[in-house]
Structure formats: structure tokens, C-alpha cells
Amino acid sequence: RLASNSLIECLVMGYRIVESLKTKGSTYSLSPSSRILQQIAKEEAKAPVKTSPSSSDESIVLLERLGKELMHHVGIVRTASDLQKAIHTIGNFLEEDWAKGESSLSPIETLLMKRRFHLAQWIAKAALSREETRGNHLRSDFPETLPNEKAYRTVIQNHTLQQQPL
């Protein structure tokens, strides 16, 4: 399975979750392990956030911007330069007003959207750290595939990338 396909699935499922939460209002239940979402739910229960029609429009625009960036710089054929541009651009997106809660997005929509952008940024960072061509993703600046005994998987743990042997 291609990482970019998984990312697209994450974005689609995240959008569906937001839409589901919007229709249920503040009556949705949360996992006990999700303290951040519980805190947001408590705040929304005190003063429910009315979602304006422009909120979903803004979500669509943000997802389109992210999708274009990923397609342009984190596609099947990759270079270090393109991946660095994507990491930088996504970082800039995360500095915009919408990511600071200054938009038509509700707090939960903002949180979920930021997570999508962070996930995309981590995928680009992981792709940049892999200096080989593996599977269907070609690093044109590293066209060779490492021998199987040197193969590794990339894991994101505690906000760092780690390479673990297979």
C-alpha cells in the first residue's frame, strides 16, 4: 500500500469524522484516552459552537491546498528539494490564522485540520529521511534500493523519526 494512498484515506476519514461531529453537535461521546477532545467537548457543551456554512467551505479550501502541495512535492517521484519545499510550505500553512483558531472552523475542526497538516508534514519528513528508492516511490536523487539486509522501516515516535531494521 502506498503511503500517499493512506494519507488520502486519513484525510477523507478525518473529513467524515468532522461532518459526523457537526451533525451530532456536542452530544457525541469521546474515548477516555482522548483528553484533548474531551476538553474541547466540555468547552463546546458550555457554549455550543454553531457551524456556519462557510466553515465547510474553508475546510474544503484547506484540504485542496494540502492536496495540491502533496501532489506537487510528495508524489511518486520525489527529490530532497521537493520534499524540503513541502515540509516548509506545510509548516507555513500551520502558521496561518486558521491554525490559531481565527477562522470559521470550530475548535474541533481546527484541531482535526491541524492534525491532517501535521500528518502530511511527517510523511514528507519520513520520505526525506529515506535515501533510497523503495516500492512504488522513486527518489530520483537516490535511484538504488538498499539490499534486503540493510532495509529498514521508518517510525515516528515521540516527535522524532526512527529507522528500525525489518
Side-chain angles (χ1 to χ4, degrees), residues 1-130 135-140 154 156 159 161:
R1 194 164 234 234
L2 300 176
S4 56
N5 287 348
S6 298
L7 174 60
I8 291 169
E9 287 177 16
C10 289
L11 294 174
V12 169
M13 293 308 295
Y15 179 77
R16 288 180 180 172
I17 289 168
V18 168
E19 291 303 307
S20 174
L21 291 174
K22 286 180 1 185
T23 60
K24 292 181 182 180
S26 60
T27 61
Y28 51 84
S29 63
L30 298 170
S31 165
S33 63
S34 180
R35 288 186 226 139
I36 294 172
L37 293 179
Q38 287 178 357
Q39 181 180 357
I40 290 172
K42 286 178 186 176
E43 291 172 12
E44 287 185 348
K46 291 177 189 171
V49 176
K50 301 291 183 191
T51 317
S52 66
S54 62
S55 171
S56 65
D57 293 342
E58 186 169 5
S59 292
I60 291 167
V61 169
L62 288 168
L63 289 176
E64 285 176 352
R65 289 174 63 201
L66 179 59
K68 285 178 185 176
E69 184 61 29
L70 292 173
M71 291 299 290
H72 190 68
H73 294 294
V74 192
I76 293 174
V77 178
R78 302 167 172 180
T79 65
S81 174
D82 281 342
L83 293 167
Q84 289 167 342
K85 286 177 190 173
I87 293 165
H88 178 76
T89 301
I90 295 168
N92 287 341
F93 289 163
L94 286 163
E95 296 296 320
E96 294 176 358
D97 289 344
W98 71 266
K100 298 173 188 168
E102 300 169 10
S103 71
S104 64
L105 300 176
S106 71
I108 194 92
E109 289 173 311
T110 301
L111 175 68
L112 292 172
M113 189 65 68
K114 284 171 66 173
R115 288 191 172 183
R116 290 178 184 128
F117 277 74
H118 283 292
L119 173 63
Q121 194 173 45
W122 277 109
I123 287 173
K125 287 177 181 180
L128 180 62
S129 76
R130 182 169 290 283
N136 291 320
H137 293 287
L138 170 73
R139 278 291 299 266
S140 59
T154 304
I156 301 168
H159 299 284
L161 290 173

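Predicted model, so just to flag it, every value in this text is computed and none were measured. Every heavy atom of this structure was used, including side-chain atoms; hydrogens, water molecules and symmetry mates were not.
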Item to check | Inter-residue atom distance H73.NE2 - I90.CD1, 0.5 Å rounding | outcome: 9.5 Å
Checklist outcome for this item: Correct closest heavy-atom pair for G75 and H137 would be O-ND1, 3.8 Å
Checklist entry - Roughly how far, to the nearest 0.5 Å, is the CZ atom of R65 from the CZ atom of F117? => result 6.5 Å
Next on the checklist: Go through it in stages, so that I can follow the logic: the residues are S140 and T79, the test is side-chain contact (heavy atoms from CB on, under 4.5 Å), and I'd like the CA-CA distance, side-chain angles, deciding distance and then a yes or no.
Outcome noted: CA-CA 6 Å; S140 59; T79 65; 3.0 Å; yes
Checklist entry - What are the two closest non-hydrogen atoms of D82 and H72, and how far apart are they? => result OD2-O, 4.5 Å
Checklist outcome for this item: Scanning both residues in full, the closest heavy-atom pair of Q121 with I87 reads NE2-O, 2.9 Å
Item to check | Closest non-hydrogen atom pair, E58 against S104 | outcome: OE1-OG, 2.6 Å
Item to check | Contact check, side chains of N92 and E96, non-hydrogen atoms, under 4.5 Å | outcome: no
Item to check | Backbone of A126 reached by a side-chain donor or acceptor of S129 within 3.5 Å | outcome: yes
Next on the checklist: Is any side-chain heavy atom of L119 closer than 4.5 Å to one of R115?
Outcome noted: no
Next on the checklist: Can you tell me how far apart NZ (K100) and CG (L94) are? Round to the nearest 0.5 Å.
Outcome noted: 11.0 Å
Checklist outcome for this item: All heavy atoms of R130 vs all of R139, minimum pair found to be O-NH1, 3.0 Å
Checklist entry - Which atoms form the tightest heavy-atom contact between L63 and M113, and what is the distance? => result CD2-SD, 3.8 Å
Item to check | W98 side chain vs S59 backbone, donor-acceptor pair below 3.5 Å | outcome: no
Next on the checklist: Please evaluate residues L105 and L62 with respect to the criterion side-chain contact (heavy atoms from CB on, under 4.5 Å), reporting the C-alpha separation (whole Å), side-chain torsions for both, the decisive distance (0.1 Å), and the verdict.
Outcome noted: CA-CA 11 Å; L105 300 176; L62 288 168; 3.8 Å; yes
